[in-house]
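Here the structure is laid out as structure tokens; the discussion comes afterwards.
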Amino acid sequence: MSDDDTDTPGSAPSGAPWRNFYGRRKGKHLRPSQERRLETELAPLSPGKVSWEENPDRRPLDLPALFGQREIWLEIGFGGGEHLVHQAAHNPQAGIIGAEPYINGVAMLLGKIEAAGVDNLRIHPGDARDLFDVLPEGSVSKAFLLYPDPWPKARHHRRRFVTEEHLKPLAAVLKPGAEFRVATDIPDYVRQTLEEVPRHGFEWLAESARDWREPWGEWISTRYEQKALREGRTPHYLTFRKR
């Protein structure tokens, strides 16, 4: 996800809650090939009607129509999509939905999907909160939050994902026993995660330091993690279970 410090308020459709969006939706100019991918390949990968404009009644998504009997996984803020495609390729038994508002990251993902030849992905190119509105309650078996925007300034900590505004609806769409994975290289984000996530119906599964110092078995190191390592920051891998 982006680390840009820009507030982007928008006009809410009639009946929609007011949700400020903080961060970037678009970065550098897209290449013509990326523009073409967005125009031709993104719509067929939609999980359904997510936005308030398309779905003002907030009708739940028809997940069996999308993925059959596959279990449902969710990645919140997939960046350039390396991890999302890796998980899709190695877990054909899962249907995975990725949410990412940064359109440059979405464009990068589309190229990776074609190269990997995976067909068990759907993409919401927008705010995860809108997706939470329309995911059926208790439908998601696993969720990932990997290197989210750190918002390092204390006055911006309320913008972090690990706040009630995000964690409460996330908990609602997760099944009992579902796994929630968080990776971050920011010590204060670790602190806030360990304080806030258990307050919303999750149990931290670590039994020793090894459980948060070492990545998960099927982990693929993302470009964000590689940047953190180059700059001397230590990744933390936190695993929670929905009660």
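Keep in mind that the numbers below use all heavy atoms, side chains included, and drop hydrogens, waters and symmetry copies. Because the structure is a prediction, the values reported are computed rather than measured.
- A distance of 8.5 Å separates CE in Met108 from CZ in Arg31, rounded to the nearest 0.5 Å.
- Looking at residues two or more places apart in sequence or on another chain, you find a side chain to side chain contact (heavy atoms under 4.5 Å, CB included) between Pro60 and Pro136.
- His83 meets the side-chain hydrogen bond (donor to acceptor under 3.5 Å, both in side chains) test with Glu75, Gln87; sequence neighbours excluded.
- Residues satisfying the side-chain hydrogen bond (donor to acceptor under 3.5 Å, both in side chains) test with Glu137, not counting sequence neighbours, are none.
- At distances below 3.5 Å, at least one donor-acceptor pair connects side-chain atoms of Glu82 with backbone N or O atoms of Arg223.
- With hydrogens and angles disregarded, a donor-acceptor distance shorter than 3.5 Å links the side chain of His157 to the backbone of Pro152.
- When the side chain to side chain contact (heavy atoms under 4.5 Å, CB included) test is applied to Glu231, the partners found at least two apart in sequence or on another chain are Lys227, Arg233.
- When the shell of 6.0 Å around CD of Gln93 is examined, it contains more than 12 heavy atoms from other residues, nucleotides or ligands.
- Taking every heavy atom of both residues into account, Asn120 and Pro92 meet most closely at ND2-CA, 3.8 Å.
- Annotation for Ala228 and Asp185: closest pair CB-OD2, 3.5 Å, computed over non-hydrogen atoms.
- With sequence neighbours left out, the salt bridge (charged side-chain N to carboxylate O under 4.0 Å, His left out) criterion links Arg181 to Glu179, Glu218.
- Using a 30° and 60° split on the angle between ring planes, Trp151 and His156 fall in the perpendicular class, above 60°.
- Side chains of Asp211 and Leu205 form no contact here, defined as non-hydrogen atoms less than 4.5 Å apart.
- Between the OG atom of Ser221 and the NE2 atom of His86 there is a distance of 11.0 Å, given to the nearest 0.5 Å.
- Side-chain contact between Pro187 and Val190 is absent, with no heavy atoms from C-beta onward closer than 4.5 Å.
- Rounding to the nearest 0.5 Å gives a distance of 4.5 Å between CD1 of Ile76 and CG of Leu74.
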For Leu145 and Leu170, what are the C-alpha separation, side-chain angles and deciding distance, and is it a side chain to side chain contact (heavy atoms under 4.5 Å, CB included)?
CA-CA 11 Å; Leu145 178 69; Leu170 171 64; over 6 Å; no
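- Residues satisfying the salt bridge (charged side-chain N to carboxylate O under 4.0 Å, His left out) criterion with Glu203, sequence neighbours excluded, are Arg241.
- No donor-acceptor pair under 3.5 Å is formed between the side chain of Asp133 and the backbone N or O of Arg58.
- The heavy-atom pair separating Val50 from Pro47 by the smallest distance is CG2-CG, 3.9 Å.
- The residues Glu39 and Arg36 are annotated as not salt-bridged, no charged nitrogen and carboxylate oxygen being separated by less than 4.0 angstrom.
- Taking the side-chain hydrogen bond (donor to acceptor under 3.5 Å, both in side chains) definition, one finds that His166 meets it with Thr163, sequence neighbours left out.
- Residues Trp216 and Ile220 do not share a hydrophobic cluster, defined by chaining ILVMFWY side chains whose heavy atoms lie under 4.5 Å apart.
- The OH atom of Tyr224 sits 15.0 Å away from the CG atom of Leu229 when rounded to the nearest 0.5 Å.
- For the atom pair Leu174 CG and His200 NE2, the distance stands at 13.0 Å (nearest 0.5 Å).
- There is a path of hydrophobic side-chain contacts, each under 4.5 Å, that joins Val85 to Leu45.
- A donor-acceptor contact shorter than 3.5 Å is absent between the side chain of Lys242 and the backbone of Phe180.
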Show, in sequence, the C-alpha distance, side-chain angles and deciding distance for Leu42 and Ile123, and conclude whether the side chain to side chain contact (heavy atoms under 4.5 Å, CB included) test is met.
CA-CA 7 Å; Leu42 183 56; Ile123 304 169; 4.1 Å; yes
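- With sequence neighbours left out, the side chain to side chain contact (heavy atoms under 4.5 Å, CB included) criterion links Thr193 to Val162, Val182, Tyr189, Val197, Leu238, Phe240.
- Using bins of under 30°, 30° to 60° and over 60° for the plane-to-plane angle, the ring pair Phe132/Phe161 lands in the perpendicular bin.
- Contact detail for Ile72 and Ser139: the closest heavy-atom pair is CB-O, 3.5 Å.
- Applying the side chain to side chain contact (heavy atoms under 4.5 Å, CB included) criterion to Ala94, with sequence neighbours excluded, gives Glu71, Trp73, Asn91, Ile96.
- Between the side chain of Asp127 and the backbone N or O of Arg129 there is at least one donor-acceptor pair closer than 3.5 Å.
- Within a 6.0 Å radius of CD in Gln226, more than 12 heavy atoms belonging to other residues, nucleotides or ligands are found.
- The distance from the CG atom of Leu131 to the CD1 atom of Ile97 is 5.5 Å, given to the nearest 0.5 Å.
- Considering only residues two or more places apart in sequence or on other chains, Arg210 meets the salt bridge (charged side-chain N to carboxylate O under 4.0 Å, His left out) condition with Glu214.
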Name every donor-acceptor pair, under 3.5 Å, that has one atom in a side chain of residues 109-119 and the other anywhere in the protein, sequence neighbours excluded.
| residue | atom | partner | partner atom | Å |
| --- | --- | --- | --- | --- |
| Lys112 | NZ | Gly80 | O | 3.0 |
| Glu114 | OE1 | Arg37 | NH1 | 2.8 |
| Glu114 | OE1 | Arg37 | NH2 | 2.7 |

Walk me through it: do Ile186 and Tyr147 pass the test side chain to side chain contact (heavy atoms under 4.5 Å, CB included)?
CA-CA 9 Å; Ile186 306 299; Tyr147 296 97; over 6 Å; no
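- Legend: residues meeting salt bridge (charged side-chain N to carboxylate O under 4.0 Å, His left out) with Arg191, ordered by chain and number and at least two apart, are Asp188, Glu195.
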